[in-house]
Enquirer: 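Have a look at this one.
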Amino acid sequence: MKFALSCSTFLIKIEKMLQVKVIREEQKRILNGLRKRNWSAKQLKVIEDILLLDDRRRSNQTELDNILAENNRLSKQIGQLMGQGKKAEAEDLKLLVAAQKEKVKSLEEQQRSIELDLENLLYTVPNIPHKSVPRGKTPEDNQLAKDWKKPFPSLPDDALAHWDLAKKYQLFDFELGVKLTGAGFPVYRGKGARLQRALVQFFLDEAVKAGFEEINPPLLVNEDTARGTGQLPDKEAQMYTCERDGLFLIPTAEVPVTNIYRDEIVALKDLPIKMTAYTPCFRREAGAWGAHVRGLNRVHQFEKIEIVQIVHPDQSYKTLQAMVRHVSGLLHKLELPYRILRLCGGDMGFASALTFDFEVFSAAQKRWLEVSSVSNFETFQTNRMKLRFRDENGKVELAHTLNGSALALARIVAALLENNQTAEGIRIPKALHKYTGFKMID
RNA sequence: GGAGGAAUGGGUGAGUGGCUGAAACCACCGGUUUGCUAAACCGACGUACGGGUAUAACCUGUACCGCGGGUUCGAAUCCCGCUUCCUCCGCCA
């Protein structure tokens, strides 16, 4: 078997630099936004560097274009002279053009390296937080957007955490996962496996009912795709890689699904584009493991149903609210206590402009578990992947993208098991009965 | 894995060295005609990056005919490498 070596590994595509225009025109807003992300004055210097580099890029471009224009003009003339049989005159002009060749070559090389440097700098700039994003550095600074007002499920003192319930009812097995793969790859079995499948079905059906097209994407993606949604170059360490093939296991369906429209100019009438996908998700989650990430709280492989929208910029914040409502509805139907957080500048992801996190209360652990993250990326992703649309005036414009988990399974399972445990067994919420085929785990 | 063929604008497809950013047709858009629809006719119809005091449609330069490189004064057109797709054979869920 021959292994395909990805040559794009070495060649970063030099393309449109729209982001620079925005930085130039709205420098103040950009700088303030980065400060909200707690950038130091030293870090902010990047913006200056970018603008300087862009100046160089533009003057270089002008110089190069002028020479090329002159050469084109002369070449045309040579053609005409040849046609008229004026060979000697043509030869003279040939020398003239040939003399410029070295200059063109070096200008082109310069331009390439400037663009490469510029691109690399641009890749280090995260998305600018929306006005409503609160200041802050840590998760403690996140704002409570919606609290849980009703009482939590009351459990007896000897209530079990989900990992103990899993043992008691034979729902999933971590040690077995270690044997097959390694830590963080649980094996689900029996009613544990069926509960997961039921949840997948339920979430997909709900998304389709809400108008999302069901997509079944590849679980491995190439580099361009990973870059499009912002996994590269920032979150490289987060993904599992297949180096021989230059491919990455997806950390979320967002990656392949959003990239479906990479390098496209969609018609206004096609917006909004609503897609949903169920996929396993793979995350390396390099970092500390301990009591707080026990059981299903954090695993390397989990199932998730993602919803993605590509929308007109005017609509994206309305859409964000609609997606928040959709996720709320799911948790409601699952009868899980939840709250919504508006993430602060320090806790928000690199690519996001505004993010709402959903947390469910897992009653035996007495902990809030993040089960969904709904974000508006505005033009951050579409700029990278050149996803545009033609607006009312026929002008080409970057669309906005959004996505959210609806929902992530492992932690939902954890909360469902813990919150619904009774002396007789674990009660399955009504909404799932037709999917599980059973009402109790006992 | 072996052998052959192909890659052009939203689609079909012409184009084998200069007058081709690219014919023609279809689709889309604007208009005329029409009681409405259809048809017919007319017109416009790529993207990106620069420049012109130009962050609404103006003028202008450059680049782009799968990707990268080469030959040439000049390349969609010639040469080399790569990728992808199709056909046939083999293998296989």
Enquirer: Using atom CZ of R24(A) as one end and atom C1' of G50(B) as the other, report the distance to the nearest whole Å.
Expert: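 The answer, rounded to whole Å, is 12 Å.
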Enquirer: Could you note down all residue pairs passing salt bridge (Lys or Arg N to Asp or Glu O under 4.0 Å) where residues 301-324 of chain A supplies at least one of them, sequence neighbours left out?
Expert: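 Pairs touching residues 301-324 of chain A that pass the test: K304(A)-E306(A).
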Enquirer: Using side chain to side chain contact (heavy atoms under 4.5 Å, CB included) as the criterion, list what pairs up with L268(A), not counting sequence neighbours.
Expert: H312(A), F389(A), E392(A)
Enquirer: Using a heavy-atom distance cut-off of less than 4.0 Å, which residues of residues 93-101 of chain A contact RNA chain B?
Expert: K94(A), V97(A), K101(A)
Enquirer: Could you state the CG-P distance from D391(A) to C29(B), rounded to the nearest angstrom?
Expert: 16 Å
Enquirer: Does the side chain of R262(A) come under 3.5 Å of the side chain of T225(A) through a donor N or O and an acceptor N or O?
Expert: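 Side-chain D/A pair, R262(A) to T225(A): present.
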Enquirer: RNA chain B: stems of at least 3 consecutive Watson-Crick or G-U pairs, cut-off 3.5 Å?
Expert: B:1-7 with B:83-89, B:10-12 with B:24-26, B:29-32 with B:40-43, B:46-52 with B:58-64, B:66-70 with B:78-82
Enquirer: Compare side-chain N and O positions of N66(A) against OP1 and OP2 of U62(B) and report whether any pair is under 4.0 Å apart.
Expert: no
Enquirer: Run the salt-bridge test on D224(A) and R227(A) with the 4.0 Å N-O cut-off and return the result as yes or no.
Expert: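 The answer is yes: the pair qualifies as a salt bridge.
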Enquirer: Excluding sequence neighbours, so at least two apart, what forms side chain to side chain contact (heavy atoms under 4.5 Å, CB included) with K94(A)?
Expert: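 Expected list: I78(A), M82(A), E91(A).
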Enquirer: So which protein nitrogen or oxygen atoms get under 3.5 Å of nucleotides 15-19 of chain B's nitrogens or oxygens?
Expert:
| from | atom 1 | to | atom 2 | distance (Å) |
| --- | --- | --- | --- | --- |
| G18(B) | N2 | S75(A) | O | 2.8 |

Enquirer: Taking the C1' atom in each of A6(B) and C82(B), what is the distance between them to the nearest angstrom?
Expert: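 Result for the C1' pair: 16 Å, nearest Å.
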Enquirer: Tell me yes or no: between the side chains of R35(A) and N32(A), is some donor less than 3.5 Å from an acceptor?
Expert: yes
Enquirer: Just how far, in rounded Å, is P of U62(B) from CZ of R73(A)?
Expert: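 Checked: the CZ to P distance equals 11 Å.
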Enquirer: Taking atom C1' in both U16(B) and U37(B), what distance in whole Å separates the two?
Expert: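 To the nearest whole Å, 48 Å.
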Enquirer: Under the ring pair (Phe, Tyr, Trp, His ring centres under 6.0 Å) definition, can you give me all pairs with a residue in residues 84-114 of chain A, not counting sequence neighbours?
Expert: none
Enquirer: Round to a whole Å and report the spacing from CD1 of I265(A) to P of C64(B).
Expert: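 Nearest whole value for this atom pair: 19 Å.
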Enquirer: Write down the distance separating the C1' atoms in U34(B) and C41(B), rounded off to the nearest Å.
Expert: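 About 13 Å, rounded to a whole number of Å.
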Enquirer: Expressed in whole Å, how much space separates the C1' atoms belonging to A22(B) and G17(B)?
Expert: 15 Å
Enquirer: According to salt bridge (Lys or Arg N to Asp or Glu O under 4.0 Å), does anything in residues 73-87 of chain A pair up with another residue at least two apart or in another chain? List the pairs.
Expert: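 The answer is E70(A)-R73(A).
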Enquirer: Return the set of residues passing side chain to side chain contact (heavy atoms under 4.5 Å, CB included) with R189(A) (not counting sequence neighbours), or none when no residue passes.
Expert: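 Partners of R189(A) under the side chain to side chain contact (heavy atoms under 4.5 Å, CB included) test: L176(A).
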Enquirer: Give a yes/no on whether any side-chain N or O of R390(A) is located under 4.0 angstrom from OP1 or OP2 of C45(B).
Expert: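 No.
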Enquirer: Please name all residues satisfying side chain to side chain contact (heavy atoms under 4.5 Å, CB included) with S132(A), sequence neighbours left out, ordered by chain then number.
Expert: H130(A), R342(A), L354(A)
Enquirer: Counting only side-chain nitrogens and oxygens, does N72(A) get under 4.0 Å of the OP1 or OP2 atom of C73(B)?
Expert: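 It does not, given that no N or O in the side chain of N72(A) lies less than 4.0 Å from OP1 or OP2 of C73(B).
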Enquirer: OP1 or OP2 of C49(B) sitting under 4.0 Å from any side-chain N/O of R57(A)?
Expert: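 So the side chain of R57(A) is outside the cut-off, no N or O lying under 4.0 Å from OP1 or OP2 of C49(B).
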Enquirer: Name all pairs fulfilling the ring pair (Phe, Tyr, Trp, His ring centres under 6.0 Å) condition that reach into residues 35-64 of chain A, sequence neighbours left out, sorted by first residue then second.
Expert: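 Pairs touching residues 35-64 of chain A that pass the test: none.
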Enquirer: What residue pairs, at least two apart or across chains, pass salt bridge (Lys or Arg N to Asp or Glu O under 4.0 Å) with a residue in residues 198-222 of chain A?
Expert: E206(A)-K209(A), E206(A)-K333(A)
Enquirer: Nearest-Å distance, NZ (K21(A)) to C1' (C49(B))?
Expert: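 Answer to the nearest Å: 8 Å.
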